[in-house]
Amino acid sequence: MTALPAAARSYICAVIVAGLVAGGFALPHVMHPLPILGLAVLTILCSSVSEVDGSGSLSMSLGGVVGIAAICITGASGATFVAAASALHYTAGGQPGIKRAFNAGQYAVSGALGGLLFDALHGPVGHLAQSDFPSVIPILMAVVILYSVVNQLLVLGIIYLTQPRSARRLTSQAIPWTSSPYLAYGFLSLLMAALWENFGAPTATLLLIPLVVTRTTFASFMDQRKAYDATIAALIQAVETKDHYTRGHSERVSSGSVMIARQLGLRDDKVKALRYAGMLHDVGKMGVPTRVLQKQGTLTVPEADAVRAHPARGLEMLGDIEFLQEALSGIYHHHERMDGKGYPLGLKGMEIPEFARVIMVADAFDSMTSNRSYRPAMSIEAAIDELVACSGVQFDPTMVQAMVGALHEHGWRVQGAAESRLPIPAREPVVPGQPTSGSAILPRRIMSAYSSVESES
């Protein structure tokens, strides 16, 4: 707590006090504590199960399903305490008391406001029956939206005060009505409340079993993905140990590939596959002698052939790894050229797989802006000019345009810049395939050197 900024400490205290005030107003209105106690225990158990996914996203947990159902079953007073109980969930390794207190305040405020809205809209509290349908559905959907918005905005508040960059990334998730899972959870809450009121608590609890199984399965998937990432990290480390001049290169190419993919609006599954492909595009260098990778002079023909073989070696190494199948085309063909003068197969234009056309642009840009054994790094502006100048000849113009747009929007993580993102100043539009004013630094000679030596790297 003492390590947090003063504004963050004040904010946390304010949320905790707001939760206590909500509980203080709700306590005199509690008429039947037993259902509230049962729902509170249930929400603790469900929230504990939800913790195992480790996704770190702003989403409603299974405890939220119970909390919304509590609004229908017990009203605002009971929902305040049931929602606050979510903060008592089990977390491996424990959780700081101040964080639990903040979470309790956050959930209590969300539950209280959601319950008050349900009452204001004349929702049936404690007597949900068949005659209440379908009129109760829009009422509860409004409650779900309010509950989720309040809950998530309170979280975003503390993130903004402590991690501004992360908050900007998560802000889009603070509008739950743009995502169908929130409304789906609302329907589950409504179903649970109907079962609770008409068939008793044990029957309503059975509804949560398939949800728990689904969450557990998802947790296993997340653990598997972490294992994949660890495997990939080990392979990249092995490559960069041999070729220290490219240290960090694979990660930056992966980041650049993802930037292009998002600029193009590719689906999330393709973005993930591209992320893997970018990370592993040079894994075949493990089969290239270290003395060749670190040679400062001109490569001999046999040495150049050894470097040019690295895409095929990467394909051989990764071909049997099932989760990398979609990424293999990018790894194998990322040194092709649009004019057909690349390798390993000399593919031309749209014959080159989409992943490879993305990676070749990100790879070239990072290579040009990084120090190498045979030349210093180019400036970001000069590298952009080179991409544009070679658009349609070496690179896909669409991918170059996407890369330039992403750079202007997000900046670039330059080698040796202490992992800071450097902003790219706005520039006048450029015409693909034509040199620009910034390319006056002998662009053809620079790009020729890149094509003959750099592209082998």
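- Across all non-hydrogen atoms, the minimal contact from Ala79 to Gly111 is CB-O, 3.9 Å.
- A 4.5 Å side-chain heavy-atom check between Leu208 and Val66 finds at least one atom pair inside the cut-off.
- Taking the side chain as every heavy atom from C-beta outward, Phe365 and Arg252 never approach each other to under 4.5 Å.
- To the nearest 0.5 Å, atoms NE2 (His29) and OG1 (Thr74) are separated by 13.0 Å.
- Side chain of Ser148 to backbone of Ile145: no donor-acceptor contact under 3.5 angstrom is found.
- Remark: the backbone N or O of Ala6 is paired with a side-chain donor or acceptor of Ser10 at under 3.5 angstrom.
- In the displayed structure, Asp320 atom CG is contacted under 6.0 Å by at most 12 heavy atoms of other residues, nucleotides or ligands.
- Between Val30 and Ser77, the shortest heavy-atom distance links the atoms CG2-CB, 4.2 Å.
- Counting heavy atoms from C-beta outward, Thr203 and Trp196 have side chains that stay 4.5 Å or more apart.
- Once rounded to the nearest 0.5 Å, the distance linking CD of Gln394 with CG of Leu387 reads 9.0 Å.
- Residues Phe81 and Leu27 are in side-chain contact: their nearest non-hydrogen atoms beyond the backbone lie under 4.5 Å apart.
- Note that the CG atom of Asp363 and the CG atom of Asp282 stand 6.0 Å from one another [nearest 0.5 Å].
- For CZ of Phe199, the number of neighbouring non-hydrogen atoms (other residues, nucleotides, ligands) closer than 6.0 Å is 12 at most.
- Closest of all the heavy-atom pairs between Ala362 and Met403 is CA-CE, 4.4 Å.
- Counting only distance, with no hydrogens or angles, the side chain of Ser254 and the backbone of Gly278 share no donor-acceptor pair below 3.5 Å.
- Taken from CG in Leu318 to CD1 in Ile331, the straight-line distance is 5.0 Å, to the nearest 0.5 Å.
- Ring planes of His334 and His281: perpendicular class, angle over 60° (limits at 30 and 60°).
- Distance check: Gln152 CD to Tyr147 OH gives 10.5 Å after rounding to the nearest 0.5 Å.
- Atom NE2 of His127 has more than 12 neighbouring heavy atoms from other residues, nucleotides or ligands inside a 6.0 Å radius.
- For the pair Ser367 and His249, the minimum side-chain heavy-atom distance is below 4.5 Å.
- At least one donor-acceptor pair closer than 3.5 Å links the side chain of Ser189 to the backbone N or O of Val65.
- In this structure, the side chain of His89 engages the main chain of Ser86 through a donor-acceptor pair within 3.5 Å.
- Remark: the backbone N or O of Met286 is not paired with any side-chain donor or acceptor of Arg313 at under 3.5 angstrom.
- At distances below 3.5 Å, not a single donor-acceptor pair connects side-chain atoms of Asn198 with backbone N or O atoms of Leu195.
- A heavy-atom distance below 4.5 Å is not found between the side chains of Ser250 and Leu280.
- Although no hydrogens or angles enter the test, the distance criterion places no donor-acceptor pair under 3.5 Å between the side chain of Thr43 and the main chain of Leu39.
- Minimum interatomic distance between Ile158 and Tyr11 (heavy atoms only, all atoms of both residues): N-CE2, 3.5 Å.
- The nearest pair of heavy atoms linking Ile359 to Ser257 is CG1-OG, 3.8 Å.
- Other residues, nucleotides and ligands contribute at most 12 non-hydrogen atoms within 6.0 Å of the CD atom of Gln401.
- How far OG1 of Thr369 is from CD1 of Ile384: 9.5 Å, rounded to the nearest 0.5 Å.
- Within the 4.5 Å cutoff, no side-chain heavy atoms of Met399 are placed close to those of Met360.
- Closest approach of Leu264 and Thr398 over heavy atoms only: CD2-CG2, 3.8 Å.
- Screening residues 323-332 for side-chain hydrogen bond (donor to acceptor under 3.5 Å, both in side chains) gives Lys270-Glu326 as the qualifying pairs, with residues at least two apart or on separate chains.
- Checked by atom type and distance alone, the side chain of Arg357 pairs as donor or acceptor with a backbone atom of Ile352 at under 3.5 Å.
- Between Leu190 and Phe133 there is a side-chain heavy-atom pair separated by less than 4.5 Å.
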